[in-house]
S.K.: 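Structure in structure tokens, see below.
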Amino acid sequence: MRTRDPKKRAKNFLEVSLGITETQAVKEAKRCLQCKRPKCVEGCPVEIDIPRFISMIREKDYTGGLQVIREYNLLPAICGRVCPQENQCQGGCILGKKKTPIAIGALERFLADYEAAYGDAEAPVKAKPNGHKVAVIGSGPAGLTVASDLAKLGYEITIFEALHEPGGVLVYGIPEFRLPKKIIQGEIEYVKSLGVEIKVNWVVGRTETIDELFEEGYEAAFIGTGAGAPRYMSIPGENLNNVYFASEFLTRVNLMKADRFPEYDTPVKKATNVAVIGGGNVAMDAARTALRLGAKNVYIVYRRSEYELPSRQEEVEHAKEEGIKFKYLTSPKEIVSDEKGYVKAMICDRMVLCEPDPSGRRRPECSGDEFTMKVDQVIMAIGQASNPILTHSVKGLNLWGGGYIEVDENGATNLPGIFAGGDIATGAATVISAMGAGKRAARAIDSYIKSLKVSLRKKRKPSAAK
Amino acid sequence: MFKVLEKEVVNDQVDSLVIDAPYIASHAQAGNFVVVRMHEKGERIPLTIADSDTARGTITLLFQKIGKSTEEFGTLKQGDLIRDIAGPLGHPTPIKKYGHCVLVGGGIGVATLYPILKALKQKKNKVTVILGARSHDLIVWEDKFRELASDILVITDDGSSGIKGVVTMPLKEVIESSAVKIAMAVGPVRMMQAVAELTRPYKLQTLVSLNPVMVEGTGMCGACRVHIAGKTKFACIEGPEFNAHDVDFEELINRQGFYREEEAESMEKYKKKCKGKCKNKGSKDPRGQGVK
């Protein structure tokens with residue numbers, strides 16, 4: 001995959017990966033063995049028929065190839081960029097056993113970008129309205145998938161989004177240099193072109209409750225509100241000035257465009273020495289954003305070793321190329337204040353790895369040794385939890401763990417007509433798994449509504465949700 | 001888009017807007033706020049819902065012009081459109097029959113207290129209201145409070161209206177002379193802190209409505225976090241009202257001042273752009289009052 005020069009790109013927000021050329025794509029496609037029992041498909045959370053779209057690239061039928069992907073995946077331009085392919089499709093590829101697996105993500109992205117640049121605009125056929133209304137809460141990957149799948153079947157869909165812009169985590173979470181906003185806008189326009197209405201600034205649970213949506217004639221609701229609440233460590237100094245939770249830091253830049261302050265009104269603090277706590281994609285995004293805002297030294301502070309880093313491999317490689325420094329086996333225990341209440345240092349424990357924990361990763365333990373890092377900004381990127389605004393407003397909704405919604409394999413909750421999927425049901429996961437959940441929920445909602453007899457439908461009162 | 005139906009200049013620093021927002025109006029409760037973004041490049045700022053009218057489908061926002069965003073917000077006229085308003089957000093105030101309640105409002109803090117007063121009166125509470133400000137001109141909505149309150153005491157720093165002094169003086173008298181069940185204080189942080197310290201020895205239940213910096217206002221970013229009884233809480237979804245005796249006010253003040261330089265830069269740029277046509281008399285409180 002071609003990328004921008006690391007020195008130059010570390011100073012701007014332009015997309016880092018430039019994708020592959022047509023020649024490269026065809027050449028790569030020709031390497032595919034077209035396995036009879038393809039492991040790549042098994043590795044894909046939505047089971048895209050990967051060998052089929054690759055064979056179409058060989059024949060230079062790019063429109064056909066994209067159509068194959070679209071049958072399974074609403075957002076190929078996005079998944080081609082953000083899926084952890086090495087653990088999914090590419091992880092299974094037979095060629096990977098001896099040398100390099102097929103660059104399936106790059107091929108997916110190629111098809112989507114090629115079509116966007118040269119293809120005939122896909123003219124989606126609006127389905128004949130079937131007279132049934134479904135409410136979709138949240139406009140992230142899960143919500144967009146449910147909405148478009150049901151719209152194609154003729155349902156009248158309204159998406160309710162709490163923020164002022166649709167897209168969910170794709171918009172507030174993932175930076176421009178990894179997923180350009182115009183790509184997301186393109187995908188959202190596609191969903192709208194299917195006849196889906198998107199209402200922004202609509203905090204379901206507050207602006208209107210789910211019960212009220214049912215009273216307005218919606219026959220089912222899908223909750224795809226994501227895992228938007230930041231986790232934090234509860235260590236001393238965590239509320240000092242210049243300690244950010246990654247979600248705030250990234251929201252300021254990605255959604256509010258604070259990198260362009262004062263042209264845009266929302267500011268973000270620029271610092272010189274930045275420590276980002278965590279080793280996932282969000283940590284990489286925050287670190288690389290801090291670098292682009294002008295930081296001299298940016299450290300990823302991770303309590304396990306390089307081997308356990310949960311981030312996509314490509315992000316780690318890009319971060320290293322750009323000069324991000326990695327401090328492994330390091331866990332913060334205190335953030336130290338200067339006389340004005342701002343961060344001046346961070347005291348860390350050195351960790352050692354012990355036997356594997358239930359996640360299969362080796363568990364870190366304090367070695368008893370500690371050291372101090374001189375930093376003037378700390379960004380916490382240690383994961384997300386569920387947000388209670390909506391879940392607490394629905395009486396009787398069964399939750400599990402830290403407030404995630406309990407669903408069956410089709411996304412049905414314990415309440416009739418209410419479905420859920422994506423991070424709010426599983427805990428923080430990936431874009432593609434949220435889309436997979438959306439697909440299954442769309443099918444389940446369709447059969448649920450079909451199963452409602454007319455008489456039953458009339459009887460269904462919102463109080464059923466109480 | 002949300003339409004401004006009425007605009008009133010309350011005093012030099014404070015304006016009020018009546019805005020068409022039927023869904024928010026019909027769900028608003030005392031203590032709630034909204035997050036407002038005026039235009040494409042604007043910031044998301046939290047403002048208290050100072051009043052709402054379900055039948056008419058309107059909310060009233062009362063705000064002090066203390067920074068670029070609120071100054072700009074003050075330029076809105078009848079018929080203008082606001083790009084984004086989300087809400088109602090925050091926990092509502094716990095309203096019940098308490099008996100004798102005291103509400104203490106400093107400056108624009110009255111925006112939060114007015115719906116609380118309304119709700120408490122509906123539950124047939126006796127409500128004493130103490131309104132404080134630096135001077136007579138800055139006392140906001142005195143008439144509206146006078147109409148509903150059982151008693152009202154006005155106090156100014158310079159004595160230009162009511163008693164001369166600070167709000168804790170009459171508050172102490174009221175607590176000592178009557179069986180007060182609950183106090184609620186909304187205003188500048190130092191005022192709320194002073195009220196908390198005053199009521200602490202009396203073990204009087206005291207609520208304050210906090211105004212930390214917020215970004216999205218729905219529990220996703222943690223910008224508004226405060227220490228309450230030693231635990232981190234998000235003011236947007238777990239507040240904005242908290243037990244006054246549990247609040248780490250010094251931390252709140254520190255965090256409120258985090259963007260002071262950027263706020264000044266933004267204001268400077270705005271003033272240049274509007275060439276002196278926008279005025280800012282400013283308050284010392286960096287986020288101002290009323291701006292949560």
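Proteins get letters first, then strands, A, B, ... in listed order; numbering begins at 1 in each.
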S.K.: Is A/Arg252 in contact with chain B via its backbone, its side chain, both, or neither, using a 4.5 Å heavy-atom distance?
M.R.: side chain
S.K.: Can you tell which part of A/Gln384 gets under 4.5 Å to a heavy atom of chain B, answering side chain, backbone, both or neither?
M.R.: neither
S.K.: Using non-hydrogen atoms and a 4.5 Å limit, figure out which bit of B/Ser69 sits close to chain A: side chain, backbone, both or neither.
M.R.: side chain
S.K.: I'd like to know if B/Glu216 and B/Arg44 make a salt bridge, using a cut-off of under 4.0 Å between side-chain N and carboxylate O.
M.R.: no
S.K.: Decide whether a cation-pi geometry holds between A/Lys269 and A/Tyr244; the criteria are a distance under 6.0 Å from NZ or CZ to the six-membered ring centre and an angle within 45° of the ring axis.
M.R.: no
S.K.: Tell me, for B/His227 versus chain A, whether the close heavy atoms (under 4.5 Å) come from the side chain, the backbone, both or neither.
M.R.: both
S.K.: For residues B/Leu210 and B/Phe249, report the shortest heavy-atom separation together with the two atoms involved.
M.R.: CD2-CE2, 4.4 Å
S.K.: In terms of the angle between their ring planes, are B/Tyr23 and B/His27 parallel, tilted or perpendicular, with boundaries placed at 30° and 60°?
M.R.: parallel
S.K.: Heavy-atom pairs under 4.5 Å with chain B - which of A/Thr251, A/Leu255, A/Leu250, A/Asn242 has more of them than the others?
M.R.: A/Asn242
S.K.: NZ of A/Lys181: more than 12 outside heavy atoms within 6.0 angstrom?
M.R.: yes
S.K.: Tell me, for B/Glu72 versus chain A, whether the close heavy atoms (under 4.5 Å) come from the side chain, the backbone, both or neither.
M.R.: side chain
S.K.: Which region of B/Val226, side chain (C-beta onward) or backbone (N, CA, C, O), has a non-hydrogen atom less than 4.5 Å from a non-hydrogen atom of chain A, or is it both or neither?
M.R.: backbone
S.K.: Below 4.5 Å from any heavy atom of chain B, which atoms of A/Val243 appear? Answer side chain, backbone, both or neither.
M.R.: both
S.K.: Distance alone, cut at 3.5 Å: any donor-acceptor contact between the side chains of B/Ser266 and B/Tyr259?
M.R.: no
S.K.: Taking side chain as everything from C-beta outward and backbone as N, CA, C, O, which of these in A/Leu163 sits under 4.5 Å from a heavy atom of chain B? Side chain, backbone, both or neither.
M.R.: both
S.K.: So which part of A/Thr207 gets closer than 4.5 Å to some heavy atom of chain B, the side chain, the backbone, both or neither?
M.R.: both
S.K.: Look at A/Ala227, A/Gly341, A/Pro230 and state which one has the largest set of heavy-atom pairs under 4.5 Å with chain B.
M.R.: A/Pro230
S.K.: Under 4.5 Å heavy-atom distance to chain A, tell me which part of B/Arg255 shows up: side chain, backbone, both or neither.
M.R.: both
S.K.: Examine whether an atom of A/Asn239 lies under 4.5 Å from a heavy atom of chain B, and if so say whether it belongs to the side chain, the backbone or both; otherwise answer neither.
M.R.: both
S.K.: Please classify the contact of A/Tyr172 with chain B as side chain, backbone, both or neither, using a heavy-atom distance under 4.5 Å.
M.R.: side chain
S.K.: Can you tell which of B/Val215, B/Thr232, B/Leu89 has the highest number of heavy-atom pairs within less than 4.5 Å of chain A?
M.R.: B/Thr232
S.K.: Which bit of B/Glu262 is near chain A, if near means a heavy-atom gap under 4.5 Å: side chain, backbone, both or neither?
M.R.: both
